[in-house]
Amino acid sequence: MGIFSVLVDAPAHSGLTGALDYTSDKALQPGQLVRVPLGAREVMGVVWDGSPSTELDPAALRAAHWVCEDLPALNGAWRQLVQFAAQYYQRSPGEVALQALPPSLRRLQTEQLQRRLKPPKAKPVAKPKTKAHAKADGASPAPQDVAGAAGTPEDARLDARLEAWPASMPEPTPQQAEVLATLARSGAGGRTHLLFGATGSGKTEVYLRRMQAVLEADAQAQALIMVPEINLTPQLEARVRGRFEPLYGPGCVVSMHSAMTPAQRLKAWLAAHLGRARIVLGTRLAVFASMPGLRLIVVDEEHDPSYKQQDGARYSARDLAVYRGHLEGAEVILGSATPSLESWFQSRPATAHEPGGRYVRLVMPSRVGHSVQPDIRCVDMRLMPKGTLFAPLLLDAMRARMDGGEQVMVLLNRRGWAPVLLCTECDWKSACPQCSAYRVFHREDRTLRCHHCGLTHQAPKRCPSCDHEALSWQGRGTEQLHGFLAEWLAQGRHPSGRPYGVMRLDADSTRLKGSLERQLAQVHAGEVDVLVGTQMIAKGHDFQRFGMVVVADPDGALFSVDFRAPERLFALLLQAAGRAGRSAQGPGGRRAEVWVQTRQPGHPLFAALRQHDYPGFAAQQLQERELAGLPPFMHQALVRAEARQLEEALAFLTEAREQGLQMAGAPVTLYPAVPMTMQKVANAERAQMLVESPSRAALQQFLTAWSDALHEVRGRHRRLLRWAIDIDPQLI
Ligand code: ADP
Ligand code: ZN
Ligand code: ZN
C-alpha cells in the first residue's frame with residue numbers, strides 16, 4: 001500500500017490549495033485519474049507529482065477508490081502546463097486540472113469509460129458526396145427580410161461546405177512558400193512565430209500546409225489549431241476536415257468548444273488523449289487538450305480578446321499556447337492581420353543597439369491572386385445634420401454596389417434599436433435600476449434590456465416619470481439601421497426585378513440554435529444585398545461578394561477609458577475591411593471600398609487605417625504605451641472586489657493593499673483602490689486595485705507572496721460578495 005498526492009477541484013479561495021493525500025493498494029502513476037472521497041462526496045482526482053510527507057500515518061488517510069487502468073495517464077508536459085497556469089494565474093492546481101477535463105469524464109463509472117476506450121469500428125474513408133446540397137440553388141424568391149427562413153439538417157450543410165472546399169491544394173504563392181520555408185527551417189524546438197499577414201493573404205492555407213508537413217513527418221504527431229469563436233467560422237472547420245479527412249480518415253479532426261454536448265466533448269477529448277485524432281480544432285479551452293503527440297500549435301486571430309478567460313482561472317489561451325509550445329518543443333504559429341501589441345513587440349527585429357524579441361516575425365503583405373485591399377475612406381459626419389444615420393453620398397454608393405450585383409456590409413457594434421430611451425418633457429432616461437448603465441431599447445419586441453445584468457422589461461409607452469405620451473430615443477443600434485435600410489430599399493427593386501434583401505445579424509438574431517448557420521448560408525447564397533450586424537459579421541468569414549463595407553459609428557471607442565480600446569477598434573475595422581473584395585475576380589470588377597462615418601476624420605487611427613498601415617499604427621501606439629508606462633512595457637494585475645456597498649469593496653482592497661505594501665523588496669507598485677468605471681452591475685458595487693511592475697518575474701513573485709494575505713484579509717471582510725485577481729487583464 002502506498003500514499004499518493006491527488007489533485008481535486010478546489011478553488012483557490014476554499015483554502016485547499018495543493019494536493020491531498022490518499023492511500024491506494026495499487027501503484028499509482030502521476031497523471032492517472034482516480035476517484036477519491038472528499039468530505040461526504042466522492043470526486044474525481046488526478047494523481048499528482050511529488051511524494052507525500054513521510055510522517056503521514058496511512059491509517060489516518062482515506063483510500064482512492066478506483067482507477068481506470070486502461071486510460072493512459074496525463075503526461076508530464078500536461079501536468080507542467082497545469083501547474084504553471086495555476087501558479088501564474090493564482091489559482092489552485094486542482095481547480096485548473098479538473099476544469100481542463102471534460103465535465104462528463106468526472107461522472108463516468110469504470111465500465112462506461114472502458115466501453116468508450118475501445119477502438120472505434122473501422123469506417124470506410126469518406127465517400128465522395130454528390131447530393132445533399134444545402135440551400136444552394138437560391139431559387140426561392142428573396143423576401144424583403146430574409147432573417148427567419150427554415151433550416152436544413154446540420155449534416156447536409158456541412159456536406160455542402162465540404163464540397164466547396166475540395167481536398168486538393170492550391171500551389172502556394174511566393175510569399176506563402178517563403179513563410180513555409182522559414183517555418184520548415186526554424187519550426188522545431190518550440191519556437192514561436194508571429195505570422196503577420198493581411199486579410200486574404202492566405203494565412204489559413206499556410207496553417208493547413210504546415211500542419212500537413214508536421215503530421216506527415218511523424219505518424220504520431222498531433223496539431224492543435226485554436227480559433228476565437230468556432231461557431232463564427234464554420235467554414236474553417238469544413239476546410240480543415242475537407243483537407244485532412246481524405247488523408248487520415250474521418251476521425252482525424254476533432255473540435256473542442258463550449259457549445260458541444262458533454263458527450264461530444266468527452267468523445268473528442270478521448271480521441272485526442274489516445275492519439276486517435278491528429279488535429280484538434282478548438283476555442284481557448286482547447287489549449288488544455290491532452291495531446292501526447294503535440295508538435296504544432298496554431299493560434300488564429302491571436303489578437304482576439306476571447307482568448308482571455310473572463311472568470312475562474314483567468315488565463316490567456318494565447319499566452320499558455322506559447323508556454324506549452326516551449327514546454328513540449330512544439331512549434332507555435334500566432335497568426336493575425338492586426339497582432340496584439342504584446343505579440344508585435346515580442347517579434348520586433350533586432351537593431352544595431354538592441355536584440356530582437358523572442359518570436360520570429362513572418363510577413364505576408366499582399367492578398368492572394370488579383371484581389372487587392374479595399375480603398376478606405378472617411379465620411380466627415382460633422383458636415384451632416386445631427387442624427388444622420390447614413391450620409392446621402394454613402395447611400396448612393398451602396399445602391400450602386402447592390403445594383404451591380406455586389407453585397408454591402410454595415411457594421412455597428414451595438415445591438416438593439418437605441419442605447420437609451422428618454423422623455424423630452426422631463427429628465428427621465430431608461431436607466432437600469434441595478435447597474436450604472438442605461439437599458440437599451442429593443443423595438444422588435446418593445447423591451448428595455450440591460451446589456452450588463454440582463455434585466456428586461458416591456459418598454460413603457462408613456463413617460464414613467466411625467467406621463468408624457470411620447471418617448472424618444474438617443475443613439476442607434478443595429479435594429480435601427482436595419483429598419484432604416486429596409487424602409488429605404490422597400491421603395492425600389494433590384495435591377496433584376498426582385499425586392500432587395502436586407503438582413504440583420506447579431507447576438508439577438510442568432511439566439512436560436514442553428515440560426516447563425518442559416519443566416520450565414522443565406523448570405524453566402526447571395527440572398528442578401530445588405531447585411532447589417534455587430535462584430536459577428538466582421539470576423540473570419542470568407543465572403544466572396546462583398547464590394548463595400550460601411551462602418552456606421554465607430555467613434556465611441558476613440559474616447560474609451562480603456563487604453564486597449566484603440567487597438568481593438570483598429571483590429572475590428574481592418575478585419576471588417578478584410579471581408580470586402582475577397583474574391584480574386586472582384587464581383588463587379590471594381591475595387592472594393594470601406595466607408596467609415598466619423599466625427600474625427602483627422603484621428604491618427606483613421607489615417608493609419610486608410611493606409612492599411614498596421615505597423616505604423618502599432619509603432620505609434622507602442623510609443624504612447626512606453627511613455628505612459630503601459631503594457632507591454634509594464635506588467636499588470638488587477639484585484640477586483642464586489643459588495644452591496646461600495647465602501648465594503650473599497651475597504652477590503654485597501655486592507656489588502658496595506659498588507660502588500662509591507663512586503664518590501666521588488667519593484668512593484670500598488671495603486672489605491674478605486675471604484676470601477678462601470679461601478680454598479682446587477683446591484684453589486686465594484687471596485688478594483690491595480691498592481692504593476694516593469695518586471696514580470698517581480699510581479700509574479702510579489703503576487704505569490706501576497707496570496708496568503710489576500711485570503712486572510714478576505715476572511716475578515718465577510719460582507720464581500722466576490723473578489724478575483726486578474727493577471728494581464730485585457731479589460732480595464
Ligand atoms: P487569410 O486566412 O489570410 O484571410 P485565406 O487562407 O482564407 O486567407 O485565403 C484567402 C483566399 O485565397 C481563400 O479563398 C483561399 O482559398 C485562397 N487562397 C489561399 N492560398 C491560395 C493559393 N496559394 N492559391 C490560390 N488561392 C489561395
Ligand atoms: Zn417625462
Ligand atoms: Zn442592469
Side-chain angles (χ1 to χ4, degrees), residues 132-140 142-165 199-200 204 227-242 255 257 259-260 281 283 300-301 304 306 402 405-413 415 478-479 481-482 485 500-550 572 575-583 587:
H133 276 277
K135 39 190 312 128
D137 54 9
S140 57
Q144 176 74 33
D145 191 304
V146 286
T152 52
E154 187 70 37
D155 293 353
R157 270 201 303 277
L158 189 61
D159 287 350
R161 288 198 209 105
L162 285 179
E163 278 183 273
W165 294 107
T199 52
T204 311
V227 293
E229 283 148 287
I230 221 157
N231 60 344
L232 294 187
T233 49
Q235 268 184 324
L236 178 66
E237 187 176 344
R239 208 163 150 186
V240 174
R241 287 184 193 278
S255 302
H257 55 89
M260 288 160 68
L281 171 63
T283 51
D300 190 25
E301 308 291 3
D304 197 285
S306 76
M402 291 188 264
E406 297 178 45
Q407 292 170 304
V408 175
M409 172 181 289
V410 176
L411 177 71
L412 176 64
N413 226 353
R415 291 182 289 124
T478 46
E479 263 187 20
L481 297 192
H482 174 263
L485 292 170
Y500 289 100
V502 188
M503 179 190 273
R504 194 186 92 225
L505 198 161
D506 57 25
D508 295 322
S509 80
T510 57
R511 193 158 295 160
L512 293 178
K513 194 169 161 50
S515 52
L516 174 68
E517 289 83 350
R518 204 148 57 228
Q519 285 195 272
L520 287 176
Q522 289 174 287
V523 176
H524 285 292
E527 293 169 24
V528 176
D529 295 298
V530 52
L531 175 66
V532 180
T534 54
Q535 52 169 348
M536 284 176 100
I537 61 173
K539 289 190 175 180
H541 312 288
D542 198 5
F543 294 129
Q544 292 295 314
R545 295 183 44 213
F546 279 87
M548 180 171 177
V549 170
V550 176
L572 177 64
Q575 213 162 25
R579 298 316 109 210
R582 286 178 77 81
S583 160

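None of the values given here were measured: they were computed from a predicted structure.
The two residues F543 and L520 make their nearest non-hydrogen contact at CZ-CD2, 4.1 Å. Contact record, R241 with S255: NH2-OG, 3.4 Å, taken as the closest heavy-atom pair. For the residue pair M536 and A507, the shortest heavy atom distance occurs at SD-N, 3.6 Å. Residue V549 comes nearest to A576 through the heavy atom pair CG2-O, 3.5 Å, listed as atom of the first residue, atom of the second, then distance.
When the side-chain contact (heavy atoms from CB on, under 4.5 Å) test is applied to D506, the partners found at least two apart in sequence or on another chain are R415, T478, R504, D508, S509, T534. Partners of E301 according to the side-chain hydrogen bond (donor to acceptor under 3.5 Å, both in side chains) rule, which considers only residues two or more places apart in sequence or in another chain, are Q575.
How far CG of D304 is from CD of Q535: 7.5 Å, rounded to the nearest 0.5 Å. Going from atom CZ of R239 over to atom CG of L281 covers 12.0 Å, rounded to the nearest 0.5 Å.
No donor-acceptor pair under 3.5 Å is formed between the side chain of E527 and the backbone N or O of G501. Remark: the backbone N or O of V227 is not paired with any side-chain donor or acceptor of D300 at under 3.5 angstrom.
The residue from H524, R545, R579, M548 that alone fulfils the side-chain contact (heavy atoms from CB on, under 4.5 Å) condition with Q407 is R545. Of the candidates L531, I537, L485, L485 is the only one forming a side-chain contact (heavy atoms from CB on, under 4.5 Å) with V410.
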Q) Going through the checks in order, is the side-chain contact (heavy atoms from CB on, under 4.5 Å) test met by L516 and L505? A) CA-CA 8 Å; L516 174 68; L505 198 161; 3.8 Å; yes
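You'll find the side chain of L411 reaches within 4.5 Å of the side chain of L572, heavy atoms only.
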